[in-house]
Amino acid sequence: LFPSLYDTGGLDLLEALASALPVLCLACAGPALAVPEGCGLPVPLGSRDEVIAALAAAIRRYAEDPALRRAHGLQARQHVGEHYEWDRKGEKMNSFYAEVLAP
């Protein structure tokens with residue numbers, strides 16, 4: 001659960017995703033980008049009461065549907081493996097350099 005409105009980095013989100021834990025977060029800024037569809041339940045911004053109700057609903061959804069929670073956790077781990085592990089980062093940087101240096 002990452003309900004922060006002002007913490008735009010949230011590296012702990014990536015740690016959770018890498019541990020096959022789906023993330024509940026606000027659908028804004030960095031967390032919204034770090035938690036793609038199928039890896040957690042982003043909660044839309046709204047009034048204080050709306051956000052609290054939506055976070056509570058997301059918690060209930062995972063509590064009542066362990067299969068969904070597990071599926072999102074497995075997708076989260078796969079996402080981190082595909083986009084954030086060092087070997088992947090190296091491959092991406094190499095492709096960026098190849099693109100920039102191409103004639």
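Along the sequence shown, residues carry numbers from 1.
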Answer with yes or no whether the hydrophobic clustering places Leu45 together with Ile59; edges join I, L, V, M, F, W, Y residues whose side-chain heavy atoms lie under 4.5 Å apart.
-> yes

State, to 0.1 Å, how close Pro22 and Gly40 come at their nearest heavy-atom pair, and which atoms those are.
-> CB-CA, 4.2 Å

Say whether Leu1 and Leu68 are linked into one hydrophobic cluster, either directly or through other cluster members, by side-chain heavy-atom distances under 4.5 angstrom.
-> yes

Could you tell me whether the side chain of Glu50 and the main chain of Ser47 form a donor-acceptor pair under 3.5 Å?
-> yes

Go through the steps to decide whether Cys25 and Val43 satisfy the test side chain to side chain contact (heavy atoms under 4.5 Å, CB included), and finish with yes or no.
-> CA-CA 6 Å; Cys25 65; Val43 171; over 6 Å; no

Side-chain heavy-atom pair Pro36, His79 within 4.5 angstrom cut-off | yes

Identify whether Leu14 and Val23 are in the same connected component of the hydrophobic contact network (ILVMFWY, side-chain heavy atoms under 4.5 Å).
-> yes

Of all heavy-atom pairs linking Ala34 and Leu17, the shortest is O-CD1, 3.3 Å

Atom of Leu41, atom of Ala58 and distance for their closest heavy-atom approach | CD1-O, 3.8 Å

Close side-chain approach of His83 and Lys92, heavy atoms under 4.5 Å | yes

Linking I/L/V/M/F/W/Y whenever any side-chain heavy atoms sit under 4.5 Å apart, do Tyr6 and Leu55 land together?
-> yes

Check whether Leu11 and Val35 end up in the same hydrophobic cluster, where Ile, Leu, Val, Met, Phe, Trp and Tyr are linked by side-chain heavy atoms less than 4.5 Å apart.
-> yes

For the pair Arg88 and Glu85, find out whether any cationic side-chain nitrogen is under 4.0 Å from an anionic carboxylate oxygen.
-> no

What do the steps show when you test His72 against Cys39 for side chain to side chain contact (heavy atoms under 4.5 Å, CB included), and what is the final call?
-> CA-CA 5 Å; His72 280 186; Cys39 296; 5.9 Å; no

Nearest heavy-atom approach of Pro3 to Leu26 is O-CD1, 3.3 Å

For Val51 and Pro44, which heavy atoms make the closest approach, and how far apart are they?
-> CG2-O, 3.9 Å

When rounded to the nearest 0.5 angstrom, what is the spacing between CG in Leu24 and CG in Leu13?
-> 10.5 Å

Is a side-chain N or O of Arg69 found less than 3.5 angstrom from the main chain of Tyr62, in a donor-acceptor match?
-> yes

Spatial distance of atom CG (Asn94) from atom CD (Glu99) [nearest 0.5 Å] | 13.0 Å

Within a reach of under 6.0 Å around CD of Glu82, are more than 12 heavy atoms found that belong to other residues, nucleotides or ligands?
-> yes

